[in-house]
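Throughout, residue positions are numbered sequentially from 1 according to the sequence presented. For ligands, and for the atoms within them, numbers begin at 1 and follow the listed sequence.
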Amino acid sequence: MHVDVPAKVEEIYAEVLRRNPGEAEFHQAVHEVLESLAVVLGRHSEYAEMKTIERICEPERQIIFRVPWQDDSGEVQINRGFRVEFNSALGPYKGGLRFHPSVNLGIVKFLGFEQIFKNALTGMPIGGGKGGSDFDPKGRSDAEVMRFCQSFMTELYRHLGEYTDVPAGDIGVGAREIGYLFGQYKRITNRYESGVITGKGLGWGGALVRTEATGYGAAFFADAMMRARGESFDGRRVVISGSGNVAVYGIEKVHQLGGTVVACSDSSGYVVDEKGIDLEVLKQVKEVERARISVYAERVDGASFVADGSIWDVPCEVAIPSATQNELDGAAARTLVGNGCRYVVEGANMPATPEAVDVFRAAGIGFAPGKAANAGGVATSALEMQQNASRDRWTFDHSEAKLEEIMRGIHARCHETAEEYGSPGDLVLGANVAGFLQVAEAVHAHGLI
Ligand code: NAP
């Protein structure tokens, strides 16, 4: 069968736009992957014939549900819950839950779609899914968060299972929320099914290094990228946006690898600390007190807080955006490049806009897409599932060594695939093509389902 590849890719994208109206983030994520897949269709006409890409762009199942709960004043609150079970070609659906007021179906679908390829890149037997709610845990008491989580799980539990769908945390869902969610699952099902959720507490089925995994993994990936160019973190100025799970542990590992992180942020602004972010203070402020980032600057001599403006104005050689999608636009990218930035590594999912990615490519600087660079979290979740299944518990050092091996392996795979498909150094293409090929082969093998 002869395939007019550019026309085919256009046709697939037009159909995605038509049947998913108003889902801008999902369109963006699909477009970025499709751009890379033209080279694959040119070599594999069977994927055009069997509409493999079209099938991967359509979630296997989408669940949307009401989440009613009562706040501390007795007022009834209604939120919306989502779980998009996107693709199970490689294993049970796997991907986090996000609790943030911005959550809608388009955002959950973009995250679920990215997750398919990310999970494939880890080499672990996990499919792709994502979920969440427009619930905002910020400013809510522990009791309110617990009631919300219990109501959310009261619907979601029927769709989960260690061989079916295994959620984890994401923005707004950390150890506290995972505890309440697991507790309600256990209560309803009367089963202590450890492998049904990851990111659990260390005393009840959790795995060492899961908390650190995404941030550590992004730093290992950045290190592998620099080494491929004969460089390292040693003595480099680094900026990491966000101050949540990914950012905090990204900072920790960058410091261990010899770099200095001079700025981090939250949605209220950013702090600059030229001596290097003091992790002990940062963890106390963000993890223990759940306070705003300005409190860091109040406690650390010489640190300053900037309420408005962009963290990307702070000059650095390595930027690791680790807050949220589309937080780094074209203008910020030009500022970074103008200030001498040489590497951009996505700790968050899709934090750089398409225009920003174009700026980085044109400038020839190293750019790592999130689906490769932040895969350490889900890879370690799969290690948690392995430990749960074998009723085993690995040491911190063993788990960290595994994580490092996986991240360096993902880098090598993206790097080699980019070369094989004629775009050396283009890790976006390398990640999309390598992830897609693995999923497509399994989709193809399973027949028309
Ligand atoms: P988190 O612990 O909730 O932290 C998120 C951080 O980003 C917070 O500092 C938050 O500030 C900031 N942020 C969130 N939304 C923002 C917005 N709209 N504007 C500005 N700042 C915003 O979440 P996380 O787990 O670190 O996740 C961060 C990113 O990494 C997300 O894109 C997530 O999908 C991705 N990711 C996470 C994992 C994981 O294992 N956790 C794995 C892979 C990818 P505020 O507190 O002020 O909102």
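- Between F436 and F117, the ring planes lie tilted relative to each other; the angle falls in the 30° to 60° range.
- Taken to the nearest 0.5 Å, the CZ atom of R236 stands 4.5 Å off from the CD atom of E231.
- Heavy-atom distances between S322 and ligand 1 reach below 4.0 Å in at least one pair.
- For D170 and K130, the salt-bridge test passes: some basic side-chain N is under 4.0 Å from an acidic carboxylate O.
- Below 4.0 Å from some heavy atom of G242 lie the following atoms of ligand 1, by number and element: 9 (O).
- Protein heavy atoms are absent from the space less than 4.0 angstrom from atom 10 (C) of ligand 1.
- Counting heavy atoms under 4.0 Å from ligand 1, residue M350 does not touch it at all.
- For R413 and Q438, the side-chain atoms include at least one donor-acceptor pair closer than 3.5 Å.
- At least one heavy atom of H100 sits closer than 4.0 Å to an atom of ligand 1.
- With ligand atoms numbered from 1 in the order given, ligand 1 contributes 3 (O) to contacts under 4.0 Å with heavy atoms of G172.
- Residue contact check: S243 has heavy atoms under 4.0 Å from atoms 9 (O) of ligand 1.
- Using a 3.5 Å distance cut-off with no hydrogens or angles, the side chains of S232 and R227 do not pair a donor with an acceptor.
- Within the 4.0 Å heavy-atom criterion, the part of R210 lying near ligand 1 is the side chain and not the backbone.
- Between E400 and K253 there is a salt bridge, since a side-chain N of the basic residue sits under 4.0 Å from a carboxylate O of the acidic one.
- Under a 4.0 Å criterion applied to the non-hydrogen atoms of R98, ligand 1 contributes the atoms 31 (C), 32 (O), 33 (C), 34 (O).
- Contacts with ligand 1 closer than 4.0 Å are made by side-chain heavy atoms of K138 only, the backbone lying farther away.
- A donor-acceptor contact closer than 3.5 angstrom links the side chains of S141 and D72.
- Interface atoms of ligand 1 facing R292, defined by a heavy-atom separation under 4.0 Å, are 45 (P), 46 (O), 47 (O).
- Near N349, meaning under 4.0 Å from one of its heavy atoms, ligand 1 places the atoms 32 (O), 33 (C), 34 (O), 35 (C), 36 (N), 44 (C).
- At a 4.0 Å heavy-atom cut-off, ligand 1 touches N374 through backbone and side chain alike.
- Nearest to atom 19 (N) of ligand 1 by heavy-atom distance, out of T324, T380, I293, D266, is T324.
- Heavy-atom proximity to atom 28 (C) of ligand 1, evaluated over G244, A323, G347, is greatest for A323.
- When only non-hydrogen protein atoms are considered, atom 39 (C) of ligand 1 lies nearest to T214 OG1, 3.3 Å.
- Considering backbone and side-chain atoms alike, K118 places every N or O at 3.5 Å or more from each N or O of ligand 1.
- Residue, atom and distance of the protein heavy atom nearest to atom 45 (P) of ligand 1 are S267 OG, 3.5 Å.
- Listed by chain and number, the residues in a side-chain hydrogen bond (donor to acceptor under 3.5 Å, both in side chains) with R55 amount to none (sequence neighbours excluded).
- Atom 41 (N) of ligand 1 has as its closest protein heavy atom N245 OD1, 3.4 Å.
- The pair D278-R299 does not count as a salt bridge, with every side-chain nitrogen at least 4.0 angstrom from each carboxylate oxygen.
- At a threshold of 4.0 Å, the pair R361-D426 counts as salt-bridged, since one of the basic side-chain nitrogens sits closer than that to a carboxylate oxygen.
- Closest non-hydrogen pair, R342 versus I365, comes out as O-CB, 3.3 Å.
- Comment: D71 does not engage R147 in a salt bridge, judged by the lack of any side-chain N to carboxylate O separation of less than 4.0 angstrom.
- Of the candidates P351, A348, G370, it is A348 that places a heavy atom closest to atom 30 (O) of ligand 1.
- The shortest N/O to N/O separation between D170 and ligand 1 falls below 3.5 Å.
- Atoms OG and OH, on S36 and Y421 in that order, are 12.0 Å from each other to the nearest 0.5 Å.
- Remark: among candidates N326, I311, I171, the nearest residue to atom 27 (O) of ligand 1 is I171, based on non-hydrogen atoms.
- If you look at F113 and F86, their ring centroids are closer than 6.0 Å.
- In terms of protein heavy-atom proximity, atom 24 (P) of ligand 1 is closest to V246 CG2, 3.9 Å.
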